[in-house]
Amino acid sequence: MSDGCLKDDVSEQRCKRLKIDNENGNNLNDNQLELKDFVLEKILNNNTNRKTACVVGKFKDKSGVALILFEKNAFKENDLSEEGYFSKETQLKTFFENDIYGNFECFPPSTINGVKTTIIYPATDKHIAKFSQQEVHIVLETPELYKELTLPHLEKEQFNLQWVYNILEGKSEQDRIVHDNKSEKEGFVLLPDLKWDGLTKETLYLLAIVRQRDIKSLRDLDEQHLPLLKRIRDEGKKTILEKYQVPGSQLRIYLHYQPSFYHLHIHFTYLRHEAPGIYAEKSHLLDTVIDNITMMPDYYKKATLPFTIREMDSIFNIYETNGQVKRIQNANLIVK
Ligand code: G7M
């Protein structure tokens, strides 16, 4: 992989992302995987709005399925300069010109034209389902449905948390950590989300991962967690202001319900950035969560929480069998 990497800061960050530490010995190490060895099996998703594509396939001479996610990068304001788009290297191909209107395709220097790339290898059926285009439904999860259906399911099925423990134990992504509060009860680590290059303010996206290991999600939160939640909010805002010059008033700080992994974590995104999963059916602002618990300590034990469920998610079958939701069409086939 290393040969394909350009040596500027941004590209090095991106290349680092291609290396996934995995204690099972399935590392994506330098020189092991090359995109030219990738054999495409299926395009799972091609989102023309978000400019993302997700494909599944295999690397030559390697067993197991690989998932590759490409995302065109947002414009960085620094690149709208003489060193970037207006440099000598930039070429324009003309489509048509008519009176005062000109339509071109621009080829800027390759250093500012990278495509953010995430590789998951080996990918599981759950990863493939997560990135596939499919029908989505909302269910209203009462506390009873949580206890009877959701909790047993997630205890049995949850995604491996090894990558989280690797961060907390100092084994992975240590150079990316921007704040580390080591307190056992109220401690957390703040670092760029997998989806962020750590540089582009316009797409700023950080994740606070708590040190306590027994808080699965929003559902588990009550008054004993208020000091932890306030600390994450306050220290997170302060760190982001100092490091990225983005004030707290321009941050969207929120939790997902359901999250994709059941170890409490909180998202920090730039308010102007429409990050995936910021919609009403999925995100809960941290300030609202703190306020709800302050007013009613067991709010999240009593609340009916809506969440979205996709037809290929394994929990869909459980809610369907229970009559809570009905399938619209056959789910896509999972590529083996
Ligand atoms: O939906 P949920 O609240 O569970 O969001 C989980 C977040 O964790 C997503 O925004 C992912 O991009 C992020 N994430 C997932 N993984 C596997 C990693 C990782 O290995 N490192 C980092 N920094 N973020 C990750």
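First listed ligand is number 1; within each ligand, the first listed atom is number 1.
Protein neighbours of ligand 1 below 4.0 Å, counting non-hydrogen atoms: Trp163, Glu173, Arg176, Pro192, Asp193, Leu194, Lys195, Tyr205, Leu207, His256, Pro259, Ser260, Phe261, His265, His267.
Taking Ile, Leu, Val, Met, Phe, Trp and Tyr as hydrophobic and joining them when side-chain heavy atoms fall under 4.5 Å apart, one finds Leu92 in a cluster with Phe104.
A cation-pi arrangement is found for Arg219 relative to Tyr146, the charged atom lying closer than 6.0 Å to the ring centre and inside a 45° cone about the ring normal.
Applying the salt bridge (Lys or Arg N to Asp or Glu O under 4.0 Å) test to Glu184 and every residue at least two apart in sequence or in another chain returns nothing. Partners of Tyr257 under the side chain to side chain donor-acceptor pair (under 3.5 Å) rule, at least two apart in sequence or in another chain, are Glu141.
Note on Asp37 versus Lys58: no salt bridge recorded, every NZ/NE/NH1/NH2 to OD/OE distance being 4.0 Å or above. The pair Glu173-Arg176 meets the salt-bridge criterion, with a side-chain N (NZ, NE, NH1 or NH2) lying under 4.0 Å from an Asp/Glu carboxylate O.
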